[in-house]
Amino acid sequence: GESVGLHLPTLSVQEGDNSIINCAYSNSASDYFIWYKQESGKGPQFIIDIRSNMDKRQGQRVTVLLNKTVKHLSLQIAATQPGDSAVYFCAENRGADGLTFGKGTHLIIQP
Amino acid sequence: NAGVMQNPRHLVRRRGQEARLRCSPMKGHSHVYWYRQLPEEGLKFMVYLQKENIIDESGMPKERFSAEFPKEGPSILRIQQVVRGDSAAYFCASSPPVGREDPDTQYFGPGTRLTVL
């Protein structure tokens, strides 16, 4: 089965609020994680990544948190904007077999 | 610096025909990955290639599917005798060689949407 999965298939937030998208993984040997954003009809767009020797990494309006104890990853988006509407995937890199993706969370921004 | 390029963006084939999907990695990138995505699902890894070498094809069906990344030119994903179940979006990603940027980060192309009639 999937080693990477997301808790909620759809997340609806008000414009301007913060969004938190969660992800669980099962392989404790994984050492690299990536969040991707995919808009309808487009390819996944790299957002932010984190290695297992870190527990937090910040980008522009986004923060990724990694909790290795419970094998949990989250993506926080600050001050959500309409352009943030998309499906968000976490992906796990376990080596030469490419990335393992979860099913995705659809983020809906309400005006 | 152009991103990953894929063509065609849309491809329609009848059952039994062949489909050829092309991918040009980002400039300077030497690693190419192919993924398949069904509607409302995440991407599934198919194959990982370097120039003239298949590194890992564990995600690719044993029959009808093949991939190559020649010394010159784009990477090709080839599907022979397509069936309706092959209908999906096929994405290519590339990553830089070790020593440049983060070699594990994969950047994706816009995908080829294959429809089998």
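As the structure is a prediction and not an experimental result, all values here were calculated from the model. Per chain, numbering begins at 1; letters A, B, ... match sequence-line order.
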Which value, rounded to the nearest 0.5 Å, describes the distance between A:Lys42 atom NZ and B:Phe91 atom CZ? 11.5 Å
CZ/B:Phe108 to OH/A:Tyr36 distance, rounded to the nearest 0.5 angstrom? 4.5 Å
Any heavy-atom pair between the side chains of A:Thr100 and B:Phe45 that's under 4.5 Å? no
Just by distance, do the side chain of B:Tyr35 and the backbone of A:Leu99 share a donor-acceptor pair under 3.5 Å? yes
Is it the case that one hydrophobic cluster holds both [X] and [Y], taking links as side-chain heavy atoms less than 4.5 Å apart, direct or via other members?
X: A:Leu66; Y: A:Ile77; value: yes
X: B:Leu11; Y: B:Val82; value: yes
X: B:Met26; Y: B:Leu49; value: no
X: A:Phe33; Y: A:Ile48; value: yes

Expected contact set for residues 110-117 of chain B against chain A at heavy-atom separation under 4.5 Å reads B:Pro110, B:Arg113
Heavy-atom distance under 4.5 Å to chain A: side chain of B:Gln37, backbone, both or neither? side chain
Which residues pass the side-chain hydrogen bond (donor to acceptor under 3.5 Å, both in side chains) test with B:Glu18, not counting sequence neighbours? B:Arg20, B:Arg78
Search all heavy atoms of B:Leu43 against all heavy atoms of A:Phe101 and return the closest pair with its distance. O-CB, 3.4 Å
For the student: nearest non-hydrogen atoms of B:Thr105 and A:Ile34, plus distance: CA-CD1, 4.4 Å
